[in-house]
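Below is one structure, written out as C-alpha coordinates; the observations come after it.
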Amino acid sequence: MTKIVLLTLLLVINLYSKENKMQEIDIKNSALLLIEYQNEWLDEKSKLYSFMKDKKQFEESIKNSKEALEYARKIGMKVVHIPLVLSDDYKEFGNGQYGLRAVIPQVKTWKGENKDFHKDFIPKDDEFVITGRLGASGFAGSNLDTVLRNNDIKTLYMMGFATNVCVESTFREAHDKGYNGIVISDATSSFTKEEKEFFLKNIVHHFGENISIKEFLNTKVNIDKKEIVKGFYKALGEKDIQKALSFVNENIEYLAVKDSSPTLPELYGKYQGKKELMNFFSHLNEYYKTLNFDIQTIGEDESKVFVKGYLKYEILKNKEIYDTDFMAFIEIEDGLIKKYQFFKDTALLEYSYKKE
(Lines give C-alpha, C1' and ligand atoms only; values in the text may rest on other atoms or scores of the structure.)
Protein backbone atom coordinates (compact mmCIF):
# COMPACT_ATOMS: atom_id res chain seq x y z
CA MET A 1 0.00 0.00 0.00
CA THR A 2 2.82 2.38 0.94
CA LYS A 3 4.55 1.62 -2.37
CA ILE A 4 1.42 2.51 -4.34
CA VAL A 5 1.03 5.81 -2.47
CA LEU A 6 4.68 6.72 -3.13
CA LEU A 7 4.38 5.92 -6.83
CA THR A 8 1.23 8.02 -7.08
CA LEU A 9 2.95 10.89 -5.29
CA LEU A 10 5.95 10.73 -7.65
CA LEU A 11 3.65 10.77 -10.67
CA VAL A 12 1.83 13.86 -9.37
CA ILE A 13 5.15 15.61 -8.63
CA ASN A 14 6.46 14.85 -12.14
CA LEU A 15 3.29 16.13 -13.78
CA TYR A 16 3.33 19.24 -11.62
CA SER A 17 6.97 19.90 -12.44
CA LYS A 18 6.34 19.59 -16.17
CA GLU A 19 3.36 21.90 -15.93
CA ASN A 20 5.37 24.50 -14.05
CA LYS A 21 8.21 24.20 -16.55
CA MET A 22 5.91 25.10 -19.38
CA GLN A 23 4.27 28.05 -17.65
CA GLU A 24 6.60 30.69 -19.00
CA ILE A 25 8.38 31.59 -22.23
CA ASP A 26 11.54 33.61 -21.75
CA ILE A 27 11.51 35.71 -24.90
CA LYS A 28 15.13 36.77 -24.54
CA ASN A 29 16.50 33.21 -24.57
CA SER A 30 13.93 31.38 -26.74
CA ALA A 31 13.36 30.95 -30.45
CA LEU A 32 10.78 29.43 -32.76
CA LEU A 33 12.40 27.07 -35.29
CA LEU A 34 10.60 26.51 -38.61
CA ILE A 35 11.90 23.41 -40.33
CA GLU A 36 11.37 23.30 -44.12
CA TYR A 37 8.40 25.59 -44.67
CA GLN A 38 9.10 25.50 -48.39
CA ASN A 39 7.05 24.81 -51.49
CA GLU A 40 8.31 21.23 -51.64
CA TRP A 41 6.11 20.50 -48.64
CA LEU A 42 3.39 23.12 -48.85
CA ASP A 43 2.62 23.57 -52.55
CA GLU A 44 -0.24 21.23 -53.45
CA LYS A 45 1.48 20.40 -56.76
CA SER A 46 4.73 19.27 -55.13
CA LYS A 47 5.82 15.66 -54.65
CA LEU A 48 6.22 15.68 -50.88
CA TYR A 49 2.78 17.22 -50.47
CA SER A 50 1.31 14.36 -52.48
CA PHE A 51 3.27 11.80 -50.42
CA MET A 52 1.49 12.87 -47.23
CA LYS A 53 -0.99 10.06 -46.58
CA ASP A 54 -2.59 11.65 -43.52
CA LYS A 55 -3.87 14.82 -45.15
CA LYS A 56 -6.00 15.81 -42.15
CA GLN A 57 -2.97 15.80 -39.84
CA PHE A 58 -0.92 17.68 -42.43
CA GLU A 59 -3.47 20.44 -43.07
CA GLU A 60 -4.00 20.88 -39.33
CA SER A 61 -0.27 21.24 -38.79
CA ILE A 62 -0.04 23.94 -41.47
CA LYS A 63 -2.89 25.90 -39.88
CA ASN A 64 -1.32 25.62 -36.42
CA SER A 65 2.09 26.59 -37.78
CA LYS A 66 0.65 29.84 -39.12
CA GLU A 67 -0.79 30.60 -35.68
CA ALA A 68 2.49 29.79 -33.94
CA LEU A 69 4.48 32.02 -36.29
CA GLU A 70 2.02 34.89 -35.95
CA TYR A 71 2.14 34.59 -32.16
CA ALA A 72 5.95 34.41 -32.03
CA ARG A 73 6.18 37.57 -34.12
CA LYS A 74 3.59 39.31 -31.97
CA ILE A 75 5.41 38.66 -28.69
CA GLY A 76 8.83 39.42 -30.17
CA MET A 77 10.24 35.91 -30.02
CA LYS A 78 13.21 35.26 -32.26
CA VAL A 79 12.26 33.30 -35.38
CA VAL A 80 14.69 30.93 -37.12
CA HIS A 81 13.93 29.50 -40.58
CA ILE A 82 15.72 26.24 -41.43
CA PRO A 83 15.31 25.43 -45.14
CA LEU A 84 16.86 22.62 -47.14
CA VAL A 85 18.56 24.11 -50.20
CA LEU A 86 20.40 21.79 -52.61
CA SER A 87 21.87 22.13 -56.07
CA ASP A 88 19.54 20.88 -58.78
CA ASP A 89 22.05 18.11 -59.57
CA TYR A 90 22.45 17.17 -55.87
CA LYS A 91 26.22 17.29 -56.15
CA GLU A 92 26.52 17.96 -52.40
CA PHE A 93 25.34 14.39 -51.74
CA GLY A 94 28.02 12.79 -53.91
CA ASN A 95 26.99 9.24 -54.82
CA GLY A 96 24.92 8.58 -51.72
CA GLN A 97 23.83 4.96 -51.42
CA TYR A 98 21.63 5.18 -48.32
CA GLY A 99 19.04 7.38 -46.66
CA LEU A 100 18.12 10.84 -47.87
CA ARG A 101 21.33 11.16 -49.90
CA ALA A 102 20.08 8.28 -52.05
CA VAL A 103 16.32 8.89 -51.97
CA ILE A 104 16.21 12.62 -52.75
CA PRO A 105 18.10 12.32 -56.09
CA GLN A 106 15.93 9.32 -57.01
CA VAL A 107 12.58 11.05 -56.48
CA LYS A 108 13.99 14.41 -57.66
CA THR A 109 12.58 16.60 -54.90
CA TRP A 110 13.91 20.03 -53.80
CA LYS A 111 14.38 21.36 -57.33
CA GLY A 112 13.71 24.79 -58.80
CA GLU A 113 10.99 26.88 -57.18
CA ASN A 114 10.12 24.08 -54.79
CA LYS A 115 13.16 25.18 -52.76
CA ASP A 116 11.60 28.62 -52.21
CA PHE A 117 9.84 29.50 -48.99
CA HIS A 118 6.08 29.09 -49.22
CA LYS A 119 4.24 32.40 -49.54
CA ASP A 120 2.68 32.01 -46.06
CA PHE A 121 6.04 31.52 -44.36
CA ILE A 122 8.38 34.03 -45.99
CA PRO A 123 11.00 35.24 -43.48
CA LYS A 124 10.93 38.86 -42.35
CA ASP A 125 14.06 41.00 -42.51
CA ASP A 126 14.77 40.70 -38.78
CA GLU A 127 14.44 36.90 -38.73
CA PHE A 128 17.21 34.34 -39.17
CA VAL A 129 17.58 32.13 -42.25
CA ILE A 130 19.96 29.22 -41.71
CA THR A 131 22.40 28.35 -44.51
CA GLY A 132 24.68 25.46 -45.43
CA ARG A 133 22.47 22.65 -44.18
CA LEU A 134 23.09 19.29 -45.89
CA GLY A 135 21.48 16.69 -43.64
CA ALA A 136 18.28 15.70 -41.89
CA SER A 137 19.20 17.69 -38.80
CA GLY A 138 18.99 21.46 -39.00
CA PHE A 139 22.47 21.51 -37.48
CA ALA A 140 24.06 19.28 -40.15
CA GLY A 141 26.73 21.38 -41.87
CA SER A 142 24.84 24.60 -41.16
CA ASN A 143 25.40 27.79 -39.17
CA LEU A 144 22.43 27.06 -36.87
CA ASP A 145 24.45 26.38 -33.73
CA THR A 146 26.53 29.53 -34.23
CA VAL A 147 23.44 31.70 -34.80
CA LEU A 148 21.74 30.35 -31.66
CA ARG A 149 24.78 30.76 -29.41
CA ASN A 150 25.61 34.24 -30.75
CA ASN A 151 22.09 35.32 -29.79
CA ASP A 152 22.08 33.60 -26.39
CA ILE A 153 19.22 31.30 -27.37
CA LYS A 154 18.81 28.29 -25.08
CA THR A 155 15.23 27.06 -25.57
CA LEU A 156 14.05 25.93 -29.01
CA TYR A 157 10.37 25.59 -29.93
CA MET A 158 10.30 23.41 -33.04
CA MET A 159 7.75 22.78 -35.77
CA GLY A 160 7.92 21.55 -39.33
CA PHE A 161 8.24 18.49 -41.53
CA ALA A 162 8.50 15.62 -41.33
CA THR A 163 8.04 14.95 -37.63
CA ASN A 164 9.93 11.66 -37.56
CA VAL A 165 12.71 12.69 -39.95
CA CYS A 166 14.06 16.26 -40.00
CA VAL A 167 12.20 17.53 -36.93
CA GLU A 168 13.28 14.51 -34.91
CA SER A 169 16.88 14.74 -36.14
CA THR A 170 17.07 18.44 -35.20
CA PHE A 171 15.38 17.71 -31.86
CA ARG A 172 17.88 14.96 -30.98
CA GLU A 173 20.93 17.00 -31.93
CA ALA A 174 19.64 20.07 -30.07
CA HIS A 175 19.57 17.97 -26.91
CA ASP A 176 23.11 16.71 -27.45
CA LYS A 177 24.35 20.26 -27.97
CA GLY A 178 22.82 21.40 -24.68
CA TYR A 179 19.64 23.16 -25.83
CA ASN A 180 16.17 22.81 -24.32
CA GLY A 181 14.10 21.29 -27.12
CA ILE A 182 10.31 21.58 -27.21
CA VAL A 183 8.27 20.28 -30.14
CA ILE A 184 4.91 21.93 -30.86
CA SER A 185 3.37 18.57 -31.67
CA ASP A 186 0.31 19.61 -33.70
CA ALA A 187 2.35 22.16 -35.70
CA THR A 188 4.34 19.31 -37.23
CA SER A 189 3.35 16.35 -39.36
CA SER A 190 4.56 12.94 -40.50
CA PHE A 191 3.51 11.05 -43.61
CA THR A 192 1.25 8.83 -41.51
CA LYS A 193 -0.50 9.04 -38.17
CA GLU A 194 1.46 6.04 -36.88
CA GLU A 195 4.85 7.64 -37.59
CA LYS A 196 3.99 10.73 -35.63
CA GLU A 197 2.44 8.83 -32.73
CA PHE A 198 5.55 6.67 -32.41
CA PHE A 199 7.73 9.78 -32.16
CA LEU A 200 5.51 11.37 -29.50
CA LYS A 201 5.18 8.18 -27.47
CA ASN A 202 8.66 6.71 -27.70
CA ILE A 203 11.16 9.42 -28.71
CA VAL A 204 10.24 12.82 -27.25
CA HIS A 205 10.85 12.10 -23.56
CA HIS A 206 14.46 11.08 -24.24
CA PHE A 207 15.42 14.43 -25.72
CA GLY A 208 13.01 17.12 -24.52
CA GLU A 209 9.30 17.84 -24.36
CA ASN A 210 6.27 18.37 -26.56
CA ILE A 211 3.37 20.77 -26.18
CA SER A 212 0.27 21.54 -28.23
CA ILE A 213 -0.36 24.73 -30.19
CA LYS A 214 -2.96 25.66 -27.57
CA GLU A 215 -0.39 25.36 -24.79
CA PHE A 216 2.11 27.40 -26.79
CA LEU A 217 -0.38 30.22 -27.43
CA ASN A 218 -1.50 30.28 -23.79
CA THR A 219 1.88 30.03 -22.13
CA LYS A 220 2.80 32.95 -19.88
CA VAL A 221 5.35 35.15 -21.59
CA ASN A 222 8.33 36.58 -19.74
CA ILE A 223 9.14 39.64 -21.82
CA ASP A 224 11.77 42.29 -21.24
CA LYS A 225 9.61 45.41 -20.98
CA LYS A 226 12.40 47.58 -22.32
CA GLU A 227 12.55 45.42 -25.45
CA ILE A 228 8.82 45.98 -26.03
CA VAL A 229 9.34 49.73 -25.93
CA LYS A 230 12.38 49.55 -28.20
CA GLY A 231 10.42 47.41 -30.66
CA PHE A 232 7.57 49.92 -30.60
CA TYR A 233 9.90 52.84 -31.34
CA LYS A 234 11.76 50.91 -34.02
CA ALA A 235 8.50 50.17 -35.87
CA LEU A 236 7.48 53.83 -35.69
CA GLY A 237 10.89 54.87 -37.00
CA GLU A 238 10.42 52.54 -39.96
CA LYS A 239 6.87 53.95 -40.45
CA ASP A 240 5.47 50.46 -40.01
CA ILE A 241 2.27 51.46 -38.24
CA GLN A 242 0.81 47.93 -38.15
CA LYS A 243 3.98 46.59 -36.53
CA ALA A 244 3.94 49.42 -33.98
CA LEU A 245 0.33 48.66 -33.12
CA SER A 246 1.24 45.01 -32.51
CA PHE A 247 3.04 46.19 -29.36
CA VAL A 248 -0.01 47.93 -27.86
CA ASN A 249 -3.09 46.82 -25.95
CA GLU A 250 -6.42 46.92 -27.80
CA ASN A 251 -7.68 49.56 -25.33
CA ILE A 252 -4.49 51.59 -25.05
CA GLU A 253 -4.60 55.07 -23.48
CA TYR A 254 -2.20 57.27 -25.44
CA LEU A 255 -1.41 60.83 -24.43
CA ALA A 256 0.53 62.82 -27.03
CA VAL A 257 2.13 65.73 -25.14
CA LYS A 258 -1.09 67.03 -23.57
CA ASP A 259 -4.80 66.26 -23.51
CA SER A 260 -5.76 68.66 -26.30
CA SER A 261 -5.01 71.96 -27.99
CA PRO A 262 -7.73 74.28 -29.31
CA THR A 263 -5.29 75.82 -31.77
CA LEU A 264 -3.23 72.80 -32.84
CA PRO A 265 -5.35 69.64 -32.34
CA GLU A 266 -3.29 67.79 -34.95
CA LEU A 267 -0.17 67.98 -32.74
CA TYR A 268 -1.65 66.94 -29.42
CA GLY A 269 -4.33 64.70 -28.07
CA LYS A 270 -5.51 61.88 -25.92
CA TYR A 271 -6.31 58.73 -27.87
CA GLN A 272 -8.19 55.64 -26.74
CA GLY A 273 -7.79 52.28 -28.49
CA LYS A 274 -5.86 51.06 -31.51
CA LYS A 275 -8.16 52.64 -34.09
CA GLU A 276 -7.74 56.19 -32.77
CA LEU A 277 -4.02 55.65 -32.33
CA MET A 278 -3.65 54.44 -35.91
CA ASN A 279 -5.27 57.65 -37.15
CA PHE A 280 -2.88 59.70 -35.01
CA PHE A 281 0.19 57.87 -36.33
CA SER A 282 -1.03 58.36 -39.89
CA HIS A 283 -1.34 62.11 -39.30
CA LEU A 284 2.16 62.32 -37.82
CA ASN A 285 3.62 61.24 -41.16
CA GLU A 286 1.77 64.10 -42.82
CA TYR A 287 3.23 66.75 -40.48
CA TYR A 288 6.75 65.60 -39.59
CA LYS A 289 9.88 64.11 -41.04
CA THR A 290 11.95 62.53 -38.29
CA LEU A 291 15.65 63.38 -38.50
CA ASN A 292 16.83 61.91 -35.20
CA PHE A 293 15.19 59.90 -32.44
CA ASP A 294 17.64 58.86 -29.74
CA ILE A 295 16.82 56.98 -26.56
CA GLN A 296 19.39 58.19 -24.02
CA THR A 297 18.11 56.49 -20.86
CA ILE A 298 15.60 53.72 -20.32
CA GLY A 299 14.59 52.20 -17.00
CA GLU A 300 11.84 50.00 -15.62
CA ASP A 301 10.11 48.76 -12.53
CA GLU A 302 7.52 46.01 -12.07
CA SER A 303 5.03 47.29 -14.65
CA LYS A 304 6.37 50.60 -15.98
CA VAL A 305 9.07 51.84 -18.32
CA PHE A 306 10.57 55.33 -18.24
CA VAL A 307 12.31 56.75 -21.30
CA LYS A 308 14.39 59.91 -21.69
CA GLY A 309 15.70 60.89 -25.09
CA TYR A 310 16.35 63.43 -27.81
CA LEU A 311 14.07 64.18 -30.74
CA LYS A 312 14.76 66.15 -33.92
CA TYR A 313 12.51 66.49 -36.95
CA GLU A 314 11.49 68.74 -39.79
CA ILE A 315 8.05 70.32 -39.74
CA LEU A 316 6.83 69.75 -43.29
CA LYS A 317 4.48 72.76 -43.29
CA ASN A 318 7.27 75.35 -43.08
CA LYS A 319 10.52 73.34 -43.26
CA GLU A 320 11.43 74.43 -39.72
CA ILE A 321 13.80 72.12 -37.83
CA TYR A 322 12.56 71.33 -34.34
CA ASP A 323 14.57 69.56 -31.67
CA THR A 324 13.91 68.85 -28.02
CA ASP A 325 14.51 66.48 -25.16
CA PHE A 326 11.55 64.22 -24.44
CA MET A 327 10.30 61.88 -21.75
CA ALA A 328 7.86 59.01 -21.95
CA PHE A 329 6.02 57.16 -19.21
CA ILE A 330 4.79 53.73 -20.32
CA GLU A 331 2.75 51.04 -18.56
CA ILE A 332 3.02 47.40 -19.71
CA GLU A 333 0.42 44.72 -19.12
CA ASP A 334 0.56 41.14 -20.42
CA GLY A 335 3.42 42.02 -22.75
CA LEU A 336 1.63 44.98 -24.39
CA ILE A 337 1.70 48.75 -23.92
CA LYS A 338 -1.46 49.68 -22.01
CA LYS A 339 -0.77 53.34 -21.24
CA TYR A 340 1.61 55.77 -22.94
CA GLN A 341 2.36 59.39 -22.01
CA PHE A 342 4.76 61.45 -24.12
CA PHE A 343 6.12 64.81 -22.90
CA LYS A 344 8.26 67.46 -24.60
CA ASP A 345 8.69 71.23 -24.91
CA THR A 346 5.19 72.12 -26.11
CA ALA A 347 5.72 75.92 -26.20
CA LEU A 348 8.69 75.66 -28.56
CA LEU A 349 6.83 73.22 -30.79
CA GLU A 350 3.81 75.51 -31.08
CA TYR A 351 6.10 78.42 -31.94
CA SER A 352 7.99 76.42 -34.60
CA TYR A 353 4.80 75.04 -36.14
CA LYS A 354 3.11 78.44 -36.42
CA LYS A 355 6.18 80.19 -37.82
CA GLU A 356 5.92 80.77 -41.57
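All residue numbers in this chain count up from 1 along the given sequence.
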Do [X] and [Y] have side chains that get closer than 4.5 Å, going by heavy atoms?
X      : Y      : value
Leu311 : Asp323 : no
Phe306 : Met327 : no
Lys225 : Val229 : no
Tyr254 : Val248 : no
Val307 : Phe326 : yes
Ile130 : Val80  : yes
Ile62  : Phe161 : yes
Arg101 : Tyr90  : no

Would you call [X]-[Y] a salt bridge at under 4.0 Å N-O?
X      : Y      : result
Glu314 : Lys319 : yes
Lys66  : Asp120 : yes
Asp145 : Arg149 : yes
Glu70  : Lys74  : no
Lys177 : Glu173 : yes

[X] side chain to [Y] main-chain N or O, any donor-acceptor pair under 3.5 Å?
X      : Y      : result
Glu40  : Ser46  : no
Ser65  : Ala187 : yes
Gln272 : Asn251 : yes
Lys47  : Val107 : yes
Asn39  : Glu113 : yes
Lys115 : Leu86  : yes
Lys111 : Asp88  : yes
Ser142 : Gly132 : no
Thr155 : Ser30  : no
Lys196 : Ser185 : yes

Measuring from atom [atom1] of [X] to atom [atom2] of [Y], what distance do you get when rounded to the nearest 0.5 angstrom?
X      : Y      : atom1 : atom2 : answer
Ser169 : Ile35  : OG    : CD1   : 9.0 Å
Lys78  : Leu148 : NZ    : CG    : 10.5 Å
Leu245 : Met278 : CG    : CE    : 7.0 Å
Leu277 : Glu250 : CG    : CD    : 11.0 Å
Ile82  : Thr170 : CD1   : OG1   : 5.5 Å
Leu336 : Ile252 : CG    : CD1   : 9.0 Å

Got a sec: does the [atom1] of [X] have more than 12 other heavy atoms crowding it under 6.0 Å?
X      : atom1 : value
Lys289 : NZ    : no
Lys28  : NZ    : no
Asn95  : CG    : no
Lys274 : NZ    : yes

In this structure, which one of [options] forms a side chain to side chain contact (heavy atoms under 4.5 Å, CB included) with [X]?
X      : options                : value
Tyr233 : Ile228, Ile295, Ile298 : Ile295
Phe216 : Asp186, Asn64, Ile184  : Ile184
Met77  : Ile153, Asp26, Leu32   : Leu32

Is the centre of the [X] ring less than 6.0 Å from the centre of the [Y] ring?
X      : Y      : result
Phe121 : Tyr37  : yes
Phe191 : Trp41  : yes
Phe247 : Tyr340 : no

Result of checking Glu127, Gln38, Lys124 against His81 for side-chain hydrogen bond (donor to acceptor under 3.5 Å, both in side chains):
Glu127
List the steps, then state whether side-chain hydrogen bond (donor to acceptor under 3.5 Å, both in side chains) holds for Asp43 with Tyr49.
CA-CA 7 Å; Asp43 189 318; Tyr49 185 97; over 6 Å; no
Yes or no on side-chain contact (heavy atoms from CB on, under 4.5 Å) for Thr109 and Asn114, after CA distance, side-chain angles and deciding distance?
CA-CA 8 Å; Thr109 50; Asn114 280 347; over 6 Å; no
Decide yes or no on side-chain contact (heavy atoms from CB on, under 4.5 Å) for Met159 and Leu34, but give the supporting numbers first.
CA-CA 5 Å; Met159 58 186 199; Leu34 285 77; 3.6 Å; yes
Following the transitive rule for hydrophobic clusters with a side-chain heavy-atom cut-off under 4.5 Å over Ile, Leu, Val, Met, Phe, Trp and Tyr, establish whether [X] and [Y] coincide in one cluster.
X      : Y      : result
Tyr71  : Val183 : no
Phe198 : Met158 : yes
Ile27  : Phe128 : no
Phe117 : Val79  : no
Trp110 : Val85  : no

Please test Asp54 against Lys56 for salt bridge (charged side-chain N to carboxylate O under 4.0 Å, His left out), starting from the C-alpha separation and ending with a verdict.
CA-CA 6 Å; Asp54 191 340; Lys56 182 179 179 182; over 6 Å; no
For the pair Arg133 and Glu36, evaluate salt bridge (charged side-chain N to carboxylate O under 4.0 Å, His left out) and give the outcome as yes or no after the intermediate values.
CA-CA 11 Å; Arg133 177 184 164 215; Glu36 296 179 12; 2.7 Å; yes
Please work out which of the three classes, parallel, tilted or perpendicular, describes the rings of Phe207 and Phe171, given edges at 30° and 60°.
perpendicular
Are Ser87 and Glu92 close enough, and set up right, to give a side-chain hydrogen bond (donor to acceptor under 3.5 Å, both in side chains), and what steps lead you there?
CA-CA 7 Å; Ser87 301; Glu92 300 92 340; 2.8 Å; yes
Before giving the answer on salt bridge (charged side-chain N to carboxylate O under 4.0 Å, His left out), spell out for Glu67 and Lys63 the whole-Å C-alpha distance, their side-chain angles and the decisive distance to 0.1 Å.
CA-CA 7 Å; Glu67 291 187 14; Lys63 171 181 170 292; 3.2 Å; yes
